[in-house]
Visitor: 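The following block contains the structure, expressed as structure tokens.
The shown structure was predicted, so the numbers you read here are calculated from the model rather than taken from an experiment.
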Amino acid sequence: MNSQMAYAEGKGSIDVQLTPDEALALTGVEFNGNPKIKSEAQRKIRNAFEKTFDFNSDAR
């Protein structure tokens, strides 16, 4: 299964808990005091997708 098929089949939802700062960082707000906020939020979302969808590298 490739990643495009995983998205087409995955019409459900995933739950990701973000802090308010992480959610704002994903909308484009920049936190000059802590630039890692956005990358932490992206990591949380990526981990949730990997747990939900099967991204099998053999199918590529």
Visitor: Taking atom CD1 of Ile37 and atom CG of Leu24, what is their separation to the nearest 0.5 Å?
Guide: 9.0 Å
Visitor: Given the rule that I, L, V, M, F, W and Y join up when any side-chain heavy atoms are under 4.5 Å apart, are Phe49 and Val16 in one cluster?
Guide: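 Yes, one cluster joins them.
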Visitor: Specify the closest pair of heavy atoms between Phe31 and Asp21, including all atoms of both residues, with the distance to one decimal.
Guide: CE1-O, 3.4 Å
Visitor: Using the side-chain hydrogen bond (donor to acceptor under 3.5 Å, both in side chains) rule, collect all pairs that involve residues 28-45, keeping only residues at least two apart or in two chains.
Guide: Glu22-Lys44, Glu40-Arg43
Visitor: Which distance, rounded to the nearest 0.5 Å, do you find between the CD of Glu50 and the CD1 of Ile14?
Guide: 10.5 Å
